[in-house]
Structure formats: C-alpha cells, structure tokens
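What follows is a set of notes on a single structure, which appears directly below.
What you are looking at is a predicted structure, and each value in this text was computed from that prediction instead of being measured.
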Amino acid sequence: MALLIIRVVVQILILTALFYYVYISLSRGGAAQFAYAIAIYIFAYLLFMVTGLEVLVRIMKVCALPFVAFLCVLYQIELRRAFVQGFGRGLFKRASSKTSSEEIDAIISACNTLVQAKRGALIVFPRQVPIKNIIETGTRLNADISSAIIVTIFEHDTPLHDGALVVQDGRIVAAGCYLPLSQQRDISASFGTRHRAALGLAEESDSVVMIVSEETGAISLAYGANLYYNLDNPSLKSTLLALFNSFDMRASAPEVKDEEK
C-alpha cells in the first residue's frame with residue numbers, strides 16, 4: 001500500500017514538473033514554441049507509457065484535447081500568420097502586382113509631401129491574400145495613381161483621411177478603409193494607432209502597408225508581421241519592388257532597418 005502511494009506521489013510530482021516546464025516554454029511566445037510544447041507533450045506521453053506510469057498516462061489522455069485547444073487560443077496570431085505565409089499560399093491565386101516603378105515614385109513623392117505638411121497616412125498594397133473585407137469598409141475610388149490624389153485624400157479636413165488607402169494593380173482601389181489593430185503586446189509605446197493598424201493587417205495577411213507618421217515624419221513599412229521603421233526613399237522603393245515581384249517576401253525582400261516593437 002505504501003509503495004502504491006509513493007508511486008502515485010512520484011507521478012504527480014513528475015506531472016507538476018512537466019506542466020511547469022511547458023508553462024515556461026509557452027511564456028516565451030512564438031509559433032516555434034507551439035510545436036515545441038506539442039513535441040514535449042507527445043514525448044512525455046510515450047515515456048510514461050513505456051515506463052508503466054498509468055496515472056500519468058490517464059491524466060494526459062484526458063488533458064490532451066484541452067491542452068491543444070489552449071495552445072491554439074494562446075498562439076492564434078502566430079498560427080494564422082503561419083497559415084497565411086505557408087499553407088494558405090496554395091489556396092489563393094497569386095496576384096501579380098502591376099504597380100510600376102513610376103507609380104511607386106508617385107506614391108513616395110506624395111508621402112514626402114505629407115511629411116512636410118505633418119500629416120499621417122496609411123497605404124495598403126495587397127498581395128496574394130485577398131482583403132476584400134478591408135476594402136469594403138472604405139469608399140470605392142478606382143482612380144489612377146497620382147501624388148495629388150493621395151495628398152488630397154489625406155488632408156485633415158477630408159472624410160477619408162483617417163482610414164487607409166488601398167492600392168492594387170496600379171489603381172487606387174479604395175480609401176477610408178479600416179484596418180484591424182495588432183494583438184501583439186510588445187509593441188513600442190511610441191507607436192500610435194496607424195502603426196498598430198498596419199501591423200494588424202500585416203499579421204492577418206501578406207499585404208504590405210506603408211505608414212507615414214504624423215508625429216515624427218518617419219515613413220515605414222509593415223509586412224510579414226514586422227515593422228520596418230523610418231526608411232529612406234531608395235529603401236522604400238527597392239523593398240516595394242522586391243515584395244511585389246517575389247513569391248516569398250521573407251526570402252526576397254532587401255535588408256532594412258527593423259525597429260523593435
């Protein structure tokens with residue numbers, strides 16, 4: 001009887017230590033930690049089966065589904081991002097960007113004008129993943145790309161200046177669009193709503209978002225769930241051209257300054 005009690009207590013201690021280790025692993029964050037936690041759980045389950053620790057095996061069977069559900073909730077942003085950037089690519093038709101070098105020059109010129117006027121802006125460039133739900137929140141324009149139109153849209157007294165401008169296939173598709181705010185908790189407090197909105201869309205899709213900061217005048221890019229802060233004009237243009245013409249933005253985009261979030 002005493003031996004049985006000791007055996008149960010030892011198994012409970014082992015299980016407690018395992019859960020604590022998994023908790024420490026989860027607290028580090030990141031999609032890789034999701035796979036790491038699952039691997040630990042499976043390894044521990046097999047180990048307990050081989051060693052004949054029946055109590056632990058039964059507990060882990062009961063906890064398996066709730067544990068996976070907990071991980072999915074905890075890492076929903078990372079899992080969604082991995083789906084979009086990985087498996088999701090096979091589900092979406094690749095959108096060939098028709099935004100030319102001259103049109104990018106016009107957009108950058110408009111952003112520089114907005115910087116001088118101390119006005120902010122958000123410009124979205126959809127790629128492979130459709131963002132129809134985002135476009136539908138704004139006003140359809142279907143206009144040619146020009147610096148004058150972009151500067152006019154982001155005037156302080158216009159009804160569309162607070163939202164995002166969507167540019168696709170060499171056209172200004174819509175303006176005044178609302179973007180989802182980022183759920184990341186480690187974003188720098190110095191970043192305002194525009195940067196959080198840009199990151200939010202970059203987390204949910206493979207779109208590229210250009211941000212003009214009203215406060216600092218910095219022009220930045222958000223893509224791949226990362227923010228590349230305060231880029232100069234050559235870096236902006238070369239990065240946009242590389243992203244529009246690449247299948248894998250992480251592999252093809254040039255190195256730019258990555259601001260800590």
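- Listed by chain and number, the residues in a side chain to side chain donor-acceptor pair (under 3.5 Å) with Asp144 are Arg171 (sequence neighbours excluded).
- Under the 4.5 Å side-chain heavy-atom criterion for ILVMFWY residues, a single connected hydrophobic cluster contains both Val115 and Leu165.
- Between Ile104 and Phe244, some side-chain heavy-atom pair lies under the 4.5 Å cut-off.
- The backbone N or O of Ala148 lies less than 3.5 Å from a partner atom in the side chain of Thr152, making a donor-acceptor pair.
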### Task
Walk me through it: do Leu240 and Leu221 pass the test side chain to side chain contact (heavy atoms under 4.5 Å, CB included)?
CA-CA 9 Å; Leu240 288 174; Leu221 291 178; 4.1 Å; yes
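- Residues Cys177 and Gly138 come closest through the heavy atom pair SG-CA, 3.8 Å.
- Within the structure, salt bridge (charged side-chain N to carboxylate O under 4.0 Å, His left out) contacts touching residues 226-241 (residues at least two apart or in different chains) are Asp105-Lys237.
- Residues Ile42 and Met60 fall within the same hydrophobic cluster, defined by Ile, Leu, Val, Met, Phe, Trp and Tyr side chains chained together at heavy-atom separations under 4.5 Å.
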### Query
Given the rule in the side chain to side chain contact (heavy atoms under 4.5 Å, CB included) test, do Arg194 and Glu214 qualify, once you have shown the distances and angles that lead to the verdict?
CA-CA 9 Å; Arg194 283 192 179 90; Glu214 186 173 350; 3.5 Å; yes
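- Within the 3.5 Å criterion, the main-chain N or O of Ala218 finds no donor-acceptor partner in the side chain of Asn230.
- Without hydrogens or angle criteria, Thr216 side chain to Ser213 main chain gives no donor-acceptor distance under 3.5 Å.
- Classification of the Tyr229-Phe191 ring pair by plane angle, with boundaries at 30° and 60°, yields tilted.
- The two atoms that bring Leu227 and Leu199 nearest to each other are N-CD2, 4.0 Å, heavy atoms only.
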### Query
After noting the C-alpha distance and the side-chain angles of Leu243 and Asp206, does the key distance pass the side chain to side chain contact (heavy atoms under 4.5 Å, CB included) rule?
CA-CA 10 Å; Leu243 293 172; Asp206 62 348; over 6 Å; no
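- With contacts defined as side-chain heavy-atom distances shorter than 4.5 Å, the pair Ile150/Val167 does not qualify.
- Between the side chain of Ser220 and the backbone N or O of Ile211 there is no donor-acceptor pair closer than 3.5 Å.
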### Message
Under the criterion side chain to side chain contact (heavy atoms under 4.5 Å, CB included), I'd like the reasoning laid out for Val124 against Ile134: C-alpha separation, chi angles, the key distance, then a yes or no.
### Response
CA-CA 10 Å; Val124 177; Ile134 300 296; 5.8 Å; no
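- Partner of Leu122 under the side chain to side chain contact (heavy atoms under 4.5 Å, CB included) criterion, chosen from Val166, Asp162, Val212, Leu179: Leu179.
- Closest approach of Ala106 and Ile145 over heavy atoms only: CB-CG2, 4.4 Å.
- Across all non-hydrogen atoms, the minimal contact from Glu203 to Ser182 is OE2-OG, 2.5 Å.
- Residues Met49 and Val57 share a closest heavy-atom pair of N-CG2, 3.7 Å.
- Under the 4.5 Å side-chain contact rule for hydrophobic residues, Leu231 and Leu241 share a cluster.
- Using a 4.5 Å cut-off on side-chain heavy atoms (C-beta onward), Ile131 and Glu204 make no contact.
- When atom types are taken as modelled, the side chain of Thr239 and the backbone of Leu236 share no donor-acceptor pair closer than 3.5 angstrom.
- Cluster membership for Leu141 and Phe125, using ILVMFWY side-chain heavy atoms within less than 4.5 angstrom, is shared.
- Minimum heavy-atom separation, Ile107 to Met210: CG2-SD, 4.2 Å.
- Side chains of Pro126 and Val173 form no contact here, defined as non-hydrogen atoms less than 4.5 Å apart.
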